[in-house]
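Notes to accompany the following structure.
Naming: A, B, ... by sequence-line order, numbering from 1 per chain. Fair warning: this is a prediction, and the values are worked out from it, not measured in the lab.
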There are 2 protein chains.
Amino acid sequence: MNPTIKDVAKQANVSIATVSRILNSTSAGYSEKTKERVQAAIKELGYKPNAVARGLINNKTQTIGVLFPDVSGMVTSELLYGIENVTHRLGHSVIVCNTSSQGKKTLDYLQLLSEKRVEGILFASEVLKDEYYEAIEAMKVPAVLVSTKSQKHPLPYVKVDDRDASYAAASYLIEKGHRRIGMLSGSPKDIIAGLPRIEGFQAALRDYELLDQGPSVFSAEGFSYEDGMEMFKKLRSEAEDITAVFAASDEMAVGALASAYKMNVKTPDDISIIGYDNIKISEMAIPPLTTVAQPLREMGEKAAELLFETLKTGESSQNIIMPHRIVERESVKEL
Amino acid sequence: MNPTIKDVAKQANVSIATVSRILNSTSAGYSEKTKERVQAAIKELGYKPNAVARGLINNKTQTIGVLFPDVSGMVTSELLYGIENVTHRLGHSVIVCNTSSQGKKTLDYLQLLSEKRVEGILFASEVLKDEYYEAIEAMKVPAVLVSTKSQKHPLPYVKVDDRDASYAAASYLIEKGHRRIGMLSGSPKDIIAGLPRIEGFQAALRDYELLDQGPSVFSAEGFSYEDGMEMFKKLRSEAEDITAVFAASDEMAVGALASAYKMNVKTPDDISIIGYDNIKISEMAIPPLTTVAQPLREMGEKAAELLFETLKTGESSQNIIMPHRIVERESVKEL
DNA sequence: TTGAAAGCGATACCAA
DNA sequence: TTGGTATCGCTTTCAA
């Protein structure tokens, strides 16, 4: 068994109360001499305070729970990096949960986290269903959304403005001289990352009076590489005159790149492509991908900071719109 | 405050002992009738058992700690996926730690995990220094290494045989008719992923009597995309007659691909490239990358299973060498 | 400056 | 089938 505070007390010939005071450097309450004696005992026994017991009495576990739809995703990893970073800096730990976008699993996790008495919840990259919100509410701990938001439920969120970012992507293409522009999008039924990006894209076309030149939005189910390949093929067969493409994720963009390569259409000479996210693969693509960057790590950090602030002050925080920016690489050509 | 077992007991007009029995479905000890009454009370109050209190008395926290050098790495994410998967299936949680390969941070984390009384440790993708081992030993919980190993310390590990896998990569190239083969490696000082891969590569060349045809191993500090680009350039300038390259990681291989593209040398027509890992980018590369696959998710799963087995049986487990296999895509040409 | 003791929310033993 | 109670390892009054 691990030594307990009792063992330390015995070893140092003091009461456990005194040991506790020294452990927590409670303002005074002991002499320098006993402090040294106790510390010697601690070292000698290799004593480590039991955080579980502390948690029970303080009602503080110093840990938060984070829910992701896919922990192996490239966007996820970057968010997690940022989250873990500030969480650790603030002396807390993070429990990761992989929901696989399944309602049951998500609810299970929430129940688990609740029993484990985590002090807060970070919910990432997915639609917040009513049941999730209710479960979180029932936990009576603060929660913040990352890379997602909820119209209906008043949880603070940290994200980029998808509509604005997409508008920027389309505008960028237009300003580079492109007039016939297509989009590879996620599902318009996806209210978080699907529809808003489509709307932003179309708003730009409208503002530049470039709508009505034929079909321009090609929607897949998701945002994967395969989705990108497939939709790009479709785009080429249904609207061959398109000179520039906005893909709603970098993975899709890379899929489009591959698809183009196979069809022997050159990027960016025959077709320009701009992505969305700025994950690692975008620099590694051939050619390196111009993309709308989300500051993913910072988003993770900010979300964690927000959560801890709420934890500390008790007052719930505001939403944060993080800045997007266009990272110019080599996949878009000026016309 | 959350309702406690006391509240439930009061509400159902029974003792807390009875509530506890029902919660844990302890064999009998209560009638069907009281059971229903208690469950009704639980539902009504929205009672959730406090895992912290349980942990204190059982000395079981149902959580493990996992240490990674970089949680945002692509290999890491896959390992984590596997780990999280079985950990959750077995009713436990995982606390992720990002050590940044720093000794101090690692030791800090170990101390933290120890105080939190995690039931086990998974240590991934990095050299196990003596101090780490000692800290883990002091925790008196089982630990297993993933994608790394230790000669010196008797911790079970789960990994691919790097030497064999590299031997296979080189052999594959040779059997495709290549005679002048180069390698882009990590540091030979890296005893885990550096040297063994170099040795496996050279062993294959030796067995096929292909050594002594000039310089063939180009070692970088790490395994990154940039390392791959740089070393490939060096390789081309110092050994232009090389027709096939083995890169010690997929990221390096993709860097080589990019570098080749820039130099206008075609893959696989002018030069063949084989990678190592089989992470997602290898399918997305242009051309899709032939590579030596490590079963990363399975490795994570296996490591977690091993850990929990040790936890259950108490007897420490054996090492597991996971099978590597060559995934043929389009970056290697038969000569 | 120090110690005794109550209590955090459960589990499990011993009686009834 | 039930309930009372000691206990897990710690923090925190309250007295001394």
**Report entry** Mutual orientation of the aromatic rings belonging to B:Tyr132 and B:Phe123 [parallel < 30°, tilted 30-60°, perpendicular > 60°]
**Finding:** tilted
Query raised in the report: Of B:Ser31 and A:Pro49, whose closest DNA chain D nucleotide lies nearer the 5' terminus?
Result: B:Ser31
Report summary line: So salt bridge (Lys or Arg N to Asp or Glu O under 4.0 Å) across residues 63-92 of chain B, not counting sequence neighbours, yields B:Glu78-B:Lys280, B:Glu78-B:Arg297, B:Arg89-B:Glu305
Query raised in the report: Counting distance only, does the side-chain N/O of B:Asn98 pair as donor-acceptor with the main-chain N or O of B:Val71 below 3.5 Å?
Result: yes
Query raised in the report: So, A:Phe308 versus A:His92, ring centres under 6.0 angstrom or not?
Result: yes
Query raised in the report: How sharply is the helix from C:dT1-D:dA16 to C:dA16-D:dT1 bent, taking the axes over five pairs at either end and rounding to 10 degrees?
Result: 40°
Query raised in the report: Would you say the side chains of B:His153 and B:Asp130 form a donor-acceptor pair under 3.5 Å?
Result: yes
**Report entry** Donor-acceptor pair, side chain of A:Asp277 and main chain of A:Ile279, under 3.5 angstrom
**Finding:** no
Report summary line: Min and max contacting nt of DNA chain C in 5' to 3' order, chain A heavy atoms within under 4.0 angstrom, are C:dT1 to C:dG9
Requested in this report: Any chance you could list the contact pattern along nucleotides 11-16 of chain D? Use B for base contacts, S for sugar-phosphate-only contacts and - for none, protein heavy atoms under 4.0 Å, 5' to 3'.
Outcome: BBB---
Report task. Verify whether one side chain among A:Glu301 and A:Asn85 offers a donor that lies under 3.5 Å from an acceptor in the other. Result -> yes
Query raised in the report: Hey, does the side chain of A:Thr4 come within less than 4.0 Å of D:dG9's phosphate (OP1/OP2), counting only N and O?
Result: no
Report summary line: For B:Glu119, the side-chain hydrogen bond (donor to acceptor under 3.5 Å, both in side chains) test, sequence neighbours excluded, returns none
**Report entry** A:Lys48 and B:Ser114 side chains, donor-acceptor separation under 3.5 Å
**Finding:** yes
Report task. Start with the C-alpha gap between A:Thr63 and A:Lys116, add the side-chain angles, then the distance that decides, and say whether side-chain hydrogen bond (donor to acceptor under 3.5 Å, both in side chains) holds. Result -> CA-CA 9 Å; A:Thr63 109; A:Lys116 289 227 163 125; over 6 Å; no
Query raised in the report: Do side-chain atoms of B:Asn24 reach the backbone of B:Ser20 as a donor and acceptor pair under 3.5 angstrom?
Result: yes
Report summary line: Correct closest heavy-atom pair for B:Ile16 and B:Lys6 would be CG2-CA, 3.8 Å
Query raised in the report: Which part of the nucleic acid does A:Val52 contact within heavy-atom distance under 4.0 Å: base, sugar-phosphate only, or nothing?
Result: nothing
Query raised in the report: Is the shortest heavy-atom distance from the side chain of A:Val96 to the side chain of A:Leu80 under 4.5 Å?
Result: yes
Query raised in the report: Taking the nucleotide of DNA chain D with the closest heavy atom to each, which residue, A:Asn50 or B:Asn13, is nearer the 5' end?
Result: B:Asn13
Query raised in the report: Using a heavy-atom distance cut-off of less than 4.0 Å, which residues of residues 113-120 of chain A contact DNA chain C?
Result: none
